[in-house]
Amino acid sequence: MKRRILSALTVATVALAGSAVAPTAASASDAWGIVCNLTQNTWLRAAPHAQVLRTLTAGRGFRWHGQVWAEDDDVWIYGHGAEDPAIDGWVPGGNTTC
């Protein structure tokens, strides 16, 4: 009986300690931009159709800095993803909600 009570108290203590941790606020670049969402996993590129800097995850935010590169129906926008606000680059405009 003592073991069950001790076990129950241990579980309760761990649960309370875990819930007492304060959540940290998300941080983002202070650069101007419109916040959009990514509709699919997307490569952040150094320039349109250029080398990949990193992969951005669908459903995460993308801060568009207002720059656009367009040629016919090929539209790219410049900014950074929520995964790493320090890396700016280009993503296809069709992969965002901007």
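Between H80 and H65, the ring planes lie tilted relative to each other; the angle falls in the 30° to 60° range.
The backbone N or O of A50 sits less than 3.5 Å from a side-chain atom of R45, completing a donor-acceptor pair. Judged by distance alone, with hydrogens and angles left aside, the side-chain atoms of D84 form a donor-acceptor pair with the main-chain N or O of A86 at under 3.5 Å. Between the side chain of T96 and the backbone N or O of L38, no donor-acceptor pair lies under 3.5 Å.
Atoms CG and CD, from L44 and Q51 in turn, are 10.5 Å apart once rounded to the nearest 0.5 Å. In this structure, NE2 on H49 lies 11.5 Å from CH2 on W90, to the nearest 0.5 angstrom.
Scanning both residues, A58 and N41, for their nearest heavy atoms gives N-OD1, 2.8 Å. The shortest non-hydrogen separation linking N37 to G61 is OD1-CA, 3.9 Å. In plain terms, the two heavy atoms of W64 and Y78 that are nearest each other are CD1-O, 3.2 Å.
Side-chain contact check for I77 versus C98: some heavy-atom pair is nearer than 4.5 Å.
Connection of V91 to L53 is established within a shared hydrophobic cluster, with ILVMFWY side chains joined at heavy-atom distances below 4.5 Å, either directly or through further cluster members. V75 is connected to L56 through a chain of hydrophobic side-chain contacts under 4.5 Å among Ile, Leu, Val, Met, Phe, Trp and Tyr, so both are in one cluster. W69 and V52 are members of different hydrophobic clusters when ILVMFWY side chains are connected at heavy-atom separations under 4.5 Å. Criterion: ILVMFWY side-chain heavy atoms under 4.5 Å apart, direct or through other members. Under it, I34 and F62 are part of a common hydrophobic cluster.
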